[in-house]
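To keep things clear, I will list the structure first and then write my remarks on it.
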Amino acid sequence: MESVFDVLQERGFIEQCTHEEEIKKLLAEESVSFYIGFDPTADSLHIGHFIQIMVMAHMQRHGHRPIALIGGGTTMIGDPSGRSDMRQVMTLERIVENGEKFKKVFEKFLTFEDDKAVMLNNAQWLLPLNYIDFLREIGTHFSVNRMLTADCYKSRLEKGLTFLEFNYMLLQAYDFYVLHKEQGCKMQFGGNDQWSNIIAGVELVRRKDAKQVYGMTFSLLTTSEGIKMGKTAKGALWLDPEKTSPYEFYQYWRNIADADVEKCLALLTFIPMDEVRRLGALKDSKINQAKEILAYTVTEIIHGTEAAQEAQNAARKLFAGDQGDAEIPSVDLSQSELGDGMDILSILEVAKLIPTRSEGRRLIDQGGVLLNGEKVSDFKLLVTLADFKDKKIVLKKGKKAFKQINLV
């Protein structure tokens, strides 16, 4: 059986390792307990978290034991990594509620029977800590000078770093120490922005227990230009279907740039790499076949076969010019607001398809707006009750953006 390290490396996950050769040997020869932490700062995981979930799934498939750690305690502090400002302080009740929602997602991707994976919450050991004892036992192992050179702190010093957030690295390192002691955890994984925190944990275990543990970081999901992926007009690309519908989720992957298809197939699906490379090498219009496979597969993994099929059918209908009963993003408009009619620019604003009216005029002049499949040529067009079929109209902006308006 091939090593999971080779699998993760071939698929493009691995960014940095603390001890690469030792890690390769360890993963090839032992069943390793490892952990990834997820701070429940929102009520849903997003696509960035899904990279970490895929890592856990690959590791478990190769006989290793994931520890999915809910950061119920660390969320009380807030991770400064990759942020220009301090996180909003959340109540304990909200954090607990969010953490429960995370658990349901992990159960879809990992097997927890027979101790093959465990889910823990660091609130269990962090909230009861006596601060003075913690400082004496753990704080003595950290150099402030060295901490200030870490990227997660260095980038914040000019704008302001609170002492509250300054404690975060100690708490995450303490998590690794506790999990090593109580769960036999030998590795911590995380996004590349967690490198400084992971090193802190590796060093704390070495100083406290004279034991060698390891860290590895993974690629953040970025485009070929290095821009972070997973942002939509509504914000993050959430895994919760109530926050990002399966249709919107499918459409996001169906519409990604050609240059990003192979990378996303490798990171977000279990499709064998030979097939990933074949699909990624398709050119011109044929690359759309690869995008459909990507969109369908990722949607199926996260939302199930039925939702993926419905999203694909809806997308195909719309691209064929058949609005039908396709499940596309929609907004409501009251009959009183419509009145005797509303100009097309106002309708586009209601649909949130244009940022400004001048942008709407430019789009219409260029033939980039369709109403119920018909090109709009006049930005003064009045949309009336007669345009609504079964109390619905469908707007299309450019080649890919659709919005349905429901008359209520």
Side-chain angles (χ1 to χ4, degrees), residues 1-17 20-21 23-32 34 36 47-64 66 108-111 116 187 189 191-192 216-227 229-230 237 239 246 249-305 307-309 311-312 315-316:
M1 189 175 185
E2 63 182 333
S3 163
V4 70
F5 187 94
D6 294 337
V7 170
L8 294 174
Q9 193 168 54
E10 183 183 25
R11 300 189 81 93
F13 284 98
I14 298 173
E15 282 281 336
Q16 300 183 82
C17 301
E20 185 171 326
E21 293 307 314
I23 288 170
K24 285 181 182 178
K25 189 171 186 295
L26 181 70
L27 292 176
E29 296 178 357
E30 292 183 29
S31 174
V32 176
F34 67 96
I36 300 179
I47 196 63
H49 295 122
F50 187 58
I51 294 282
Q52 313 301 322
I53 295 172
M54 288 294 286
V55 168
M56 290 196 290
H58 280 294
M59 287 285 288
Q60 189 176 65
R61 287 179 173 205
H62 285 78
H64 302 290
K108 290 166 63 176
F109 300 100
L110 301 173
T111 301
K116 289 178 181 174
M187 297 192 73
F189 296 159
N192 210 33
M216 194 151 66
T217 63
F218 299 102
S219 306
L220 300 177
L221 192 60
T222 57
T223 67
S224 53
E225 285 86 29
I227 301 165
M229 292 180 79
L237 195 66
L239 304 190
F249 191 84
Y250 177 97
Q251 283 290 77
Y252 181 88
W253 303 110
R254 177 62 181 80
N255 294 331
I256 65 167
D258 296 358
D260 299 323
V261 173
E262 185 172 327
K263 176 180 182 176
C264 291
L265 282 166
L267 293 175
L268 302 174
T269 79
F270 295 104
I271 294 171
M273 281 304 295
D274 286 347
E275 179 65 2
V276 166
R277 283 187 280 268
R278 184 191 74 79
L279 291 168
L282 295 174
K283 300 296 181 187
D284 303 321
S285 62
K286 290 183 180 178
I287 194 70
N288 289 325
Q289 176 196 351
K291 291 182 184 181
E292 270 207 347
I293 290 170
L294 169 67
Y296 181 87
T297 306
V298 181
T299 306
E300 183 181 39
I301 290 171
I302 293 172
H303 296 300
T305 302
Q309 195 64 60
Q312 187 173 72
R316 284 176 174 174

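As the structure is a computational prediction, the values presented were derived from the model and not from experiment.
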| task | Kindly indicate whether the side chain of Ile47, heavy atoms from C-beta on, has any atom under 4.5 Å from the side chain of Tyr252. | result | no

| field | Distance-only donor-acceptor check, side chains Lys263 and Thr222, under 3.5 Å | value | yes

| task | Determine whether more than 12 heavy atoms belonging to other residues, nucleotides or ligands lie under 6.0 Å from atom NZ of Lys108. | result | yes

| Nearest heavy atoms of Val4 and His58, plus distance in Å | CG2-O, 3.8 Å

| message | Which residues pass the side-chain hydrogen bond (donor to acceptor under 3.5 Å, both in side chains) test with Gln52, not counting sequence neighbours? | response | none

| Quick one: SG on Cys17 to CD on Gln9, what's the gap to the nearest 0.5 Å? | 7.5 Å

| field | Residue pair Arg254 / Asn288, side-chain heavy-atom distance below 4.5 Å | value | yes

| If you look at every heavy atom in Leu279 and Ile293, which pair is closest and at what distance? | CD2-CD1, 3.8 Å

| field | Donor-acceptor contact below 3.5 Å, side chain Gln60 vs main chain Pro66 | value | no

| remark: To the nearest 0.5 Å, atom OH of Tyr250 lies from atom CG of Leu294 at 9.5 Å

| If every non-hydrogen atom of Arg11 is compared with every non-hydrogen atom of Ala266, which pair is closest and at what distance? | NE-O, 2.8 Å

| query | Is NZ or CZ of Arg61 both nearer than 6.0 Å to the six-membered ring centre of Phe270 and within 45° of the ring axis? | reply | yes

| remark: With sequence neighbours left out, the residues meeting ring-ring contact (aromatic ring centres under 6.0 Å, His included) with Phe5 are none

| said: Regarding Asp6 and Lys24, does a basic nitrogen lie under 4.0 Å from an acidic carboxylate oxygen? | reply: no

| said: Are the side chains of Leu220 and Glu15 in contact, using a 4.5 Å heavy-atom criterion? | reply: no

| Do the side chains of Glu262 and Leu265 get nearer than 4.5 Å, heavy atoms only? | no

| task | Give a yes or no on whether the ring-centroid distance for His303 and Phe249 is below 6.0 angstrom. | result | yes

| So, are Arg277 and Glu10 salt-bridged, with charged N and O less than 4.0 Å apart? | yes

| request: Could you check if a side-chain atom of Phe189 sits within less than 4.5 angstrom of a side-chain atom of Met59, using non-hydrogen atoms only? | output: yes

| request: Show your working on salt bridge (Lys or Arg N to Asp or Glu O under 4.0 Å) between Glu30 and Lys25 and close with a plain yes or no. | output: CA-CA 8 Å; Glu30 292 183 29; Lys25 189 171 186 295; over 6 Å; no

